Amino acid sequence: IMAVLPLLSAIYALFVREHLSIDIINSQDVLIRGEKLGYDVVIRNTSLFVVSDFNLVVKCTYSNYQGEDSYSYQISVDGTDKEIVRINQPMTLVGLVSVDTSQSYIMDPLRMFKFTIRRCDGCKVTVMPVLNEPDQYAMYNWYQDDLDSSVYSKKRKGEDASQIFDIRNY
């Protein structure tokens, strides 16, 4: 019996893996930097068996930057049921962000075998920078700037900026 149990456990996990599907539902295509990206990861189990050890790995890859964010969730999915995982992630970087679940996997009940799940299409979101309308009064206007020659002293010679080269006494 000890030799057959790991084989049955692997067959069970392979059967359940074929009946699992992952979908990402996203309602937003364009975000402004600082907003939260909200999406749902739907895991459907069409078999009658319970998946007790489902590891959902959500990976966000940024097109403009080298780094990527990875989140891992451990979920139990009942037979002929679906689980919905709602994720709200703040977007701090600007550019194209792709969300993927290609590294999600299940393990058999004995935790001897690990099987990856078929990948879903994922989603792509464009994160735009915050655009501020320029203030008319804050903009630099050279003709409104106070020049040194516009302010001068009428009492003492040499304090006028236009007479800087008119120094006679050393």
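Since the model is a prediction, treat every value here as computed from it, not as a measurement.
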Taking all non-hydrogen atoms of both residues, which atom of [X] and which atom of [Y] are closest, and how far apart?
| X | Y | result |
| --- | --- | --- |
| Val57 | Gln103 | CG2-O, 3.7 Å |
| Cys120 | Ile22 | CB-O, 2.9 Å |
| Thr116 | Arg17 | O-CD, 3.0 Å |
| Val94 | Asn64 | O-ND2, 3.2 Å |
| Lys59 | Glu68 | CD-OE2, 3.3 Å |
| Cys60 | Gln89 | SG-OE1, 3.1 Å |

Please step through side-chain contact (heavy atoms from CB on, under 4.5 Å) for the pair Ile87 and Tyr71, ending with a clear verdict. CA-CA 10 Å; Ile87 301 171; Tyr71 304 99; 5.6 Å; no

I'd like to check Tyr39 versus Val125 (side-chain heavy atoms, cut-off strictly below 4.5 Å). Are they in contact? no

Taking atom [atom1] of [X] and atom [atom2] of [Y], what is their separation to the nearest 0.5 Å?
| X | Y | atom1 | atom2 | value |
| --- | --- | --- | --- | --- |
| Ile84 | Arg44 | CD1 | CZ | 8.0 Å |
| Leu56 | Thr101 | CG | OG1 | 6.5 Å |
| Ser76 | Ile43 | OG | CD1 | 10.5 Å |
| Asn55 | Met107 | CG | CE | 7.5 Å |
| Leu96 | Tyr62 | CG | OH | 11.5 Å |
| Glu83 | Asp40 | CD | CG | 12.5 Å |

Please lay out, stage by stage, how Asp81 and Asn45 fare under the test side-chain contact (heavy atoms from CB on, under 4.5 Å). CA-CA 6 Å; Asp81 196 13; Asn45 184 5; 5.7 Å; no

Val99 and Leu37: side-chain contact (heavy atoms from CB on, under 4.5 Å), yes or no, with the steps? CA-CA 10 Å; Val99 180; Leu37 170 63; 4.2 Å; yes

Are [Y] and [X] co-members of a hydrophobic cluster defined by side-chain heavy atoms under 4.5 Å apart?
| X | Y | result |
| --- | --- | --- |
| Tyr65 | Leu31 | yes |
| Phe115 | Tyr12 | yes |
| Val77 | Ile25 | no |
| Leu20 | Leu14 | yes |
| Phe113 | Phe15 | yes |

Mark yes when over 12 heavy atoms from residues, nucleotides or ligands other than [X] sit less than 6.0 Å from its [atom1]; otherwise mark no.
| X | atom1 | answer |
| --- | --- | --- |
| Arg33 | CZ | no |
| Leu110 | CG | yes |
| Ile11 | CD1 | yes |

In sequence, state the C-alpha distance, the side-chain angles, and the governing distance for Val41 and Tyr73, and then conclude on side-chain contact (heavy atoms from CB on, under 4.5 Å). CA-CA 11 Å; Val41 180; Tyr73 304 96; over 6 Å; no

